[in-house]
Colleague: 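This structure is in structure tokens; I'll ask about it shortly.
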Amino acid sequence: MPDITAATERKLRDAMERLLNGAAVRTDGRIIKENLYREAGVSRATMNRATAVMDEWARRVDGTQPRDREIESLRSLLADRAAQIKQLRERVSSLEAQLTIAATAVAELHVENQLLSGDDPSRNVTPMKRPNVDSRRR
């Protein structure tokens with residue numbers, strides 16, 4: 001089996017760099033061997049013959065995809081934020097209920113205070129005038 005040419009090796013290394021840096025041109029950017037040979041524009045067999053490049057690929061990829069780790073990190077952060085938002089909404093709801101209770105208590109105390117001080121505006125009692133006794137006798 002003939003070795004690959006320097007130009008082919010360069011294509012594979014360039015494609016590897018693009019994939020690892022998240023700058024794929026010909027593929028969806030996933031860190032998989034299929035994308036490596038497609039990104040380089042060579043056949044799978046040619047890629048497999050480039051043992052030095054494949055060894056470097058195995059070392060650098062390390063079995064996990066760097067972009068997938070970033071995505072998982074962002075998903076985890078999103079889940080944490082969603083839980084935090086849920087807690088804050090529950091807290092706001094609780095505080096709104098406490099505020100309603102406090103406002104009701106203040107209103108009741110205000111009315112009670114008015115009654116005790118004799119300033120009840122709902123009390124429109126007007127004393128009736130007594131008829132003049134002398135005028136009825138005439």
Side-chain angles (χ1 to χ4, degrees):
M1 250 187 235
D3 283 338
I4 61 167
T5 64
T8 302
E9 184 174 343
R10 174 69 2 225
K11 286 180 185 180
L12 285 164
R13 289 189 187 284
D14 289 345
M16 183 182 349
E17 290 305 318
R18 285 194 304 273
L19 287 171
L20 294 174
N21 291 327
V25 176
R26 298 179 180 167
T27 63
D28 61 6
R30 290 180 299 153
I31 311 296
I32 57 175
K33 288 181 182 179
E34 181 177 351
N35 282 348
L36 177 61
Y37 72 81
R38 287 186 178 178
E39 188 70 28
V42 298
S43 70
R44 183 175 191 94
T46 301
M47 175 191 71
N48 287 332
R49 283 194 301 269
T51 55
V53 175
M54 295 313 298
D55 290 343
E56 184 179 347
W57 172 265
R59 267 193 328 275
R60 292 184 69 186
V61 171
D62 193 30
T64 58
Q65 298 179 18
R67 289 182 59 202
D68 286 349
R69 280 184 265 156
E70 182 180 347
I71 289 170
E72 288 305 315
S73 171
L74 291 173
R75 283 184 181 150
S76 174
L77 182 62
L78 181 61
D80 291 344
R81 294 294 188 252
Q84 187 179 25
I85 288 170
K86 182 179 177 185
Q87 287 177 336
L88 290 173
R89 285 187 175 151
E90 289 171 357
R91 179 75 175 137
V92 165
S93 186
S94 171
L95 290 173
E96 285 174 341
Q98 290 177 12
L99 180 61
T100 301
I101 292 168
T104 303
V106 167
E108 289 176 0
L109 289 171
H110 178 69
V111 168
E112 187 177 328
N113 190 28
Q114 284 182 327
L115 289 173
L116 291 173
S117 65
D119 296 337
D120 184 10
S122 64
R123 238 178 170 180
N124 293 328
V125 178
T126 307
M128 295 180 67
K129 293 183 182 179
R130 291 188 150 180
N132 192 347
V133 179
D134 292 335
S135 64
R136 281 198 314 191
R137 290 186 187 176
R138 289 189 200 177

Colleague: Looking only at heavy atoms, which two atoms of W57 and L36 are closest? And how far apart?
Modeller: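 Of all heavy-atom pairs spanning W57 and L36, the closest is CE3-CD2, 3.8 Å.
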
Colleague: OG1/T46 to CD/E9 distance, rounded to the nearest 0.5 angstrom?
Modeller: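 The OG1 atom of T46 sits 12.5 Å away from the CD atom of E9.
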
Colleague: Within the side chain of E39, is there an N or O that forms a donor-acceptor pair under 3.5 Å with the backbone of M16?
Modeller: no

Colleague: Run the salt bridge (Lys or Arg N to Asp or Glu O under 4.0 Å) test on D55 and R59 for me, step by step, so that the C-alpha distance in whole Å, both residues' side-chain angles and the decisive distance to 0.1 Å come before the verdict.
Modeller: CA-CA 6 Å; D55 290 343; R59 267 193 328 275; 5.9 Å; no

Colleague: Mark yes or no for whether R38, through its side chain, and T27, through its backbone, hold a donor-acceptor pair below 3.5 Å.
Modeller: no

Colleague: How long is the span from the CG atom in L116 to the CD atom in Q114, to the nearest 0.5 Å?
Modeller: 10.5 Å

Colleague: Nearest 0.5 Å, please: how far is CG in L19 from CZ in R26?
Modeller: 11.0 Å

Colleague: Return the minimal non-hydrogen interatomic distance between V42 and K11, and the atom names on each side.
Modeller: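 So the two residues come closest at CG1-CD, 4.3 Å.
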
Colleague: Please lay out, stage by stage, how V61 and L20 fare under the test side chain to side chain contact (heavy atoms under 4.5 Å, CB included).
Modeller: CA-CA 8 Å; V61 171; L20 294 174; 4.3 Å; yes

Colleague: Side chains of residues 74-85: which donor-acceptor pairs under 3.5 Å do they make with residues two or more places apart or in other chains?
Modeller:
| unit_1 | atom_1 | unit_2 | atom_2 | d |
| --- | --- | --- | --- | --- |
| R75 | NH1 | E72 | OE2 | 3.0 |

Colleague: Do E34 and Y37 make a side-chain contact, defined as non-hydrogen atoms from C-beta onward lying under 4.5 Å apart?
Modeller: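 They are in contact (side-chain heavy atoms under 4.5 Å apart), so the answer is yes.
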
Colleague: Could you give all pairs that pass the side chain to side chain donor-acceptor pair (under 3.5 Å) test and reach residues 88-100, with sequence neighbours left out?
Modeller: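 Pairs touching residues 88-100 that pass the test: none.
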
Colleague: Which atom names give the shortest non-hydrogen contact between A24 and G29, and what distance separates them?
Modeller: CB-CA, 3.7 Å

Colleague: For the residue pair M47 and K33, what are the closest heavy atoms and their distance?
Modeller: SD-O, 3.6 Å

